[in-house]
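Here's the structure we're looking at; comments come further down.
Each ligand, and each atom within it, is numbered from 1 in the order the structure gives. This chain uses plain numbering: 1 for the first residue, then up along the sequence.
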Amino acid sequence: MGAWAAVEMDKWLLQGGLVVTASERGARALRSAFHRARQAEGLKAWAQPNIEDWRSFVRAAWTVRTVDGRLLLNAAQERALWAAIAATDGRAAALLEGPRFRLAALAMEAHELLCSHAPKFLRPHARASWESDAGAFSRWLAAFDATCRAGNLLSPAQLPVELLELLENPADTARRANGPPLVLAGFDRILPVQRAVFEAWGEWQEAPQGEPAADLRFFEARDDQAELAACALWCRSRLAANSKARILVITQDAAKNRGQIERAFLRHATNTGSLPYEFSLGVPLSQVALAHAAHLLLRWLSGPLAEHELDWLFSTGHAASSPAETAALQAHMRALRSRGWEQPQWRLQAFLRPLAGSQIPGEWADRMAQAQRRLGEVAGRTQSPLDWAELIPHLLEEAGWPGDHALSSAEFQALRSWQQALETAGSLGFDGRRIAWKEFLSVLTRTLEETLFAAESHGAPIQIAGPAESAGLDADAVWFLGATEEAWPASGTLHPLLPIDVQREAHMPHATAQLDWELAHTVTARLLASSPEVRFSYAAQTEGTEARPSRLVSQLAALPEPLPLELIPEPSPDALTLSLEDASRIAFPPGRVAGGASVLTAQSQCPFKAFATARLAAQGWKPAEAGLTPSQRGQLLHDVLHAVWAGPPGGIRTHAELLQLAGSEAWVAGHVQRVFEADLKHGLRERMPARYLELEQQRLVHLVTAWLDYEATRIPFEVLQTEASRQIELAGLSFKVRLDRLDRLSDSTALVIDYKSGDVSPRSWEPPRPDDVQLPLYAGFALEDGLELGGLVFAKIRAGELAFAGCVGVPSETLFAGLKSYSSLAKNALTVEQLLDWRDCIEQLAKDFLAGRAEVDPKEYPKTCERCGLQTLCRIQENQGAAAGEDEPENAGGSGFAEVGDE
Ligand code: SF4
């Protein structure tokens, strides 16, 4: 309303006029302005201003004129009717629930467009020529009308049409004569039905727009980041000049770019601890923690939840009645994983089952079991959505939701919003339908996704809104983001359920490019008149593609100019973390260290990894998998080979015995069977289909048989030990190491073997930073006195790749006769120098660990980090980002990472 708003609107209201706004938000803004004005006048009390948004205005006017008792449908009820009608029409798209409800939403839109733009097509004979999808919609509309008539129901879209009929009724003349005159605020476009209603109402006018902004500029930024930074800096400077200023930031993709916008404003527009901005558009209630937790709990009472959903649920504190219960549940999740009992999905019954060594809080378990029993008593029935909605608070209360901590103001509002969503879902009982629990959960899910939640405004000086939502809002300054040729005027597509000629004739949204242009022109002109200071901006590069400035903005405002210096952030951004060189080290007390060779492997890969795993007991967790994980498969392979080479009575020990095995596949199958029975964890066997495990067994039998056939081609050998365990003392550290197998070769030397089912290479032993030190450690420090080292090899046992890979003294005389000279085994013969290098390197790693070397320094970033899992602890990505941005010479050659100095 611009300059008109402050003075003329007050006068209009005080003279008994009614202000009608295009949106509820616009009405709220005008009411606030009215109240502020009264406060400024020093008044203590005053009457409510006569301001209504369009929907409320229509509804109130219709209510006082009708006594027919029809039920006005809410959106969920109306969509359910359309969905039921679409389902009976036999279209394939309506067979599944998701597409059916999307179709119902489209039908609702089409109906609303007809009501607001072309009500004549509400009469069936006017649609007689509609064909294809439009023809189908026409049939649905006839069925919808019949359903509404039979059930005494009314769609809100039809309300203005109904009101118009009532207003045009001669009996309404007297009432109309006494109706207050109207002034319209924030209507970018008056729809045909709106214009007809206003005409029938009597006296009405549009609020005149103020003068266009005097201070107007259009900026070109290099890219999105620079554009957002400039906008945030400008907002900050406006607030610095006037702390009471109200600033409107217009963006067309607030939902999509919310995170990016928040980051820019947090970084460049915040001076104090409080947030100076708020978004006018809310987020789906399904994304609000309190509501999402309730929804997960309800789903869990009758079905499985994914493990990551449980992690999230227990982290919120909304799933238990006390912090102690929450902590115990989180500890239980950790215990499940550390014992290898993780599952991709958990049913509540399975989760509540007692597990040795870990305790679920007893009271929580009793409550959840009770809630499940309570649901179980009725879950098999169909009943009214109202009955389901009434049951839900009791179920959630049993579960301890929403937790015992005091709710914040935003949480309290979310709780209210959740209750309203539940009522909406329950309101589907309006037509007496009875549905099953599963169907009610689907209804609730949809309702949560469609309900937008925005915590009450805290009066932040910067409001971030979309172009349409900004209608009726005034501000001291406006910044319009994203004014590119592609984005403004905003284009769209024609509605798929209405004939094209009908849409064009009725000037429906996006029916022609000219209509889009005209609407954008009106919105731009309104924005220009809503504030004395207006800025437009666009990014010349968006996601790698070049963009042009909006022609419309260039015509109405000005040609784009480069950003002024004061709107370009300093080249060195404020660091979120400060790098500091912490030279202090806390030495590890000499003695035993848990983790064996993996500690030194970690020290070599990244000193912080060794520090975190061996001294802080940190672990990276891998998500549970539906089948066996690679490490579970690898363990089963190890167990089978251990059993095969364990010697009498069940196993063998020598090459000669291997050659004598007749029907080796059947013999191997016996070992595999026993290993699966004895070693496969109980929980795994229970949750995996028997047929899957059978196939895994078969796969293992083929793999081990093929491997034994490969070993049969070796020069005779004898297995000295399998799963050999040794204690090693090294530079003051004491390790327990385990070796898969130790063979005596034909020249009496020892071959150290490590089974691997992954892709490995002896290059991983290379100093100075080996990726794997297990075999060099064993070979260099753990061989028994009197045994001379003949070689160390990985036994690569993978389908399609069976081979030894490593370093052997004289492989053609001890491993395989006739070995080709160009084979890698022949080329990488073991040397004394190699052994000495490994020893030196390993000793140095042990000394570094003892000395407390713990810097975050991955051997090869990001490859080394990919399988580590400690990123959240070492914050490598953050540090890498900071390091990448630092080109200063003083950083050259250094790791750029902070050292960790204490435990
Ligand atoms: S993620 Fe990378 S940097 Fe972090 S501890 Fe692991 S290896 Fe080191």
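In this structure, Asp740 does not pair ionically with Lys756, as no charged nitrogen and carboxylate oxygen lie closer than 4.0 Å. Contact check on Arg839 versus Asp837 returns no salt bridge, with no Lys/Arg side-chain nitrogen under 4.0 Å from an Asp/Glu carboxylate oxygen.
Annotation: cation-pi pair Arg592/Phe735 absent, no NZ/CZ under 6.0 Å from the ring centroid and within 45° of its normal. A cation-pi arrangement is absent between Arg615 and Phe588, since the terminal nitrogen or guanidinium carbon is not both under 6.0 Å from the aromatic centre and inside a 45° cone about the axis.
Shown here for Arg798 and Ser757, the closest heavy-atom pair between the two residues is CD-O, 3.0 Å.
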(request) Begin with the C-alpha distance, continue with both residues' side-chain angles, and end with the deciding distance and a verdict on side chain to side chain donor-acceptor pair (under 3.5 Å) for Trp707 and Glu711. (result) CA-CA 6 Å; Trp707 175 253; Glu711 288 226 61; 2.9 Å; yes
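Protein N/O/S atoms found under 2.8 Å from atom 8 (Fe) of ligand 1: Cys606 SG.
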